[in-house]
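Naming: A, B, ... by sequence-line order, numbering from 1 per chain. Because only heavy atoms are used, hydrogens play no part in the values below, and waters and symmetry mates are left out as well, while side chains stay in. Here the structure is a predicted model, which is why all the values come from computation and not from measurement.
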Amino acid sequence: MKPENYDFNHRVFDVVRLIPPGRVTTYGAIAAFLGSKRSSRMVGWAMNLSHAIDPKIPAHRVVNRQGLLTGKMHFSHPDRMQELLEAEGVIVCNDQIQNFNDVFWVPEIPL
DNA sequence: TGAATGACTCGAT
DNA sequence: GATCGAGCCATTC
């Protein structure tokens with residue numbers, strides 16, 4: 001476990017925590033923000049750890065670039081992700097965000 | 001040690 | 001447009 005690896009995951013968690021309620025972002029956006037846009041898989045893996053760290057990470061606000069809730073099956077309940085999103089005003093239908101263009105949020109270098 | 005896997009994305013065909 | 005293959009890199013077997 002290198003400090004760099006920890007740093008990567010830590011940054012992912014940091015960015016996800018910055019997502020405003022009612023907004024969502026993509027793995028690619030986070031990966032691009034951290035340096036390599038093709039490292040989206042690492043973001044996904046970091047999300048896998050997100051439920052085991054403190055403070056909790058709003059992983060439900062992270063979807064793939066199509067607006068699909070690809071990670072919903074990793075929640076306590078598969079429908080939990082959709083419930084949380086809808087509770088924040090995000091329209092979800094068939095595991096897909098309808099107003100994705102409206103709620104899409106890009107990490108703008110939270111210096 | 002090497003190969004496989006994963007909550008992804010992009011460019012080419 | 002839809003489909004296919006390659007790239008990314010940490011973790012697991």
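Using a cutoff of 4.0 Å between basic side-chain nitrogens and carboxylate oxygens, A:E88 and A:R61 are scored as salt-bridged. Salt bridge status for A:D14 with A:R17: present, with a side-chain N to carboxylate O gap under 4.0 Å.
Proximity note for A:W45 (side chain, C-beta onward) versus B:dT9, B:dA7, C:dT11: the nearest is C:dT11. Comparing B:dG11, B:dA7, B:dG6 against the side chain of A:R38 picks out B:dG11 as the nearest.
C:dA10 atom P lies 14 Å from atom CZ of A:R11, rounded to whole Å. As rounded to whole Å, 11 Å separates atom P of B:dC10 from atom CG of A:N64. Straight-line distance from the CG atom of A:L34 to the C1' atom of C:dC8: 13 Å, rounded to whole Å. Put simply, CZ on A:F33 is 21 Å from P on C:dC8, counting in whole angstrom units. Look at CG on A:N9: it is 6 Å from P on C:dT11, rounded to the nearest Å. A:F13 has its CZ atom 12 Å from the C1' atom of C:dA10, to the nearest Å. Going from atom CZ of A:F104 over to atom P of B:dT9 covers 9 Å, rounded to whole Å. Rounded to an integer number of Å, the gap from A:L49 CG to B:dA7 C1' is 11 Å.
Residue A:A59 is in base contact, counting any heavy-atom pair closer than 4.0 Å across all strands shown. At the heavy-atom level, A:N48 lies under 4.0 Å from base atoms of the strands shown.
Nearest approach of A:G71 to A:M81, heavy atoms of both residues: C-SD, 4.0 Å.
Applying the side-chain contact (heavy atoms from CB on, under 4.5 Å) test between A:L85 and each of A:V103, A:L69, A:I91 identifies A:L69 as the sole match.
Here the side chains of A:F8 and A:S39 are in contact, with some heavy-atom distance below 4.5 Å. A heavy-atom distance below 4.5 Å is not found between the side chains of A:F100 and A:Q66. Side-chain contact between A:V12 and A:V16 is present, with heavy atoms from C-beta onward closer than 4.5 Å. The shortest distance between side-chain heavy atoms of A:V106 and A:F33 does not fall below 4.5 Å.
The stretch residues 81-93 of chain A has no heavy atom under 4.0 angstrom from DNA chain B at all. For DNA chain B, the neighbouring residues in residues 19-28 of chain A, judged by any heavy atom under 4.0 Å, are A:T26, A:Y27, A:G28.
For B:dA7 and C:dT3, the C1' atoms lie 22 Å apart once the distance is rounded to whole Å.
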Could you walk me through whether A:W45 and A:N9 pass the side-chain contact (heavy atoms from CB on, under 4.5 Å) check? CA-CA 9 Å; A:W45 198 254; A:N9 288 332; 5.8 Å; no
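Side-chain nitrogen and oxygen atoms of A:R65 include at least one within less than 4.0 Å of the OP1 or OP2 phosphate oxygen of B:dC10.
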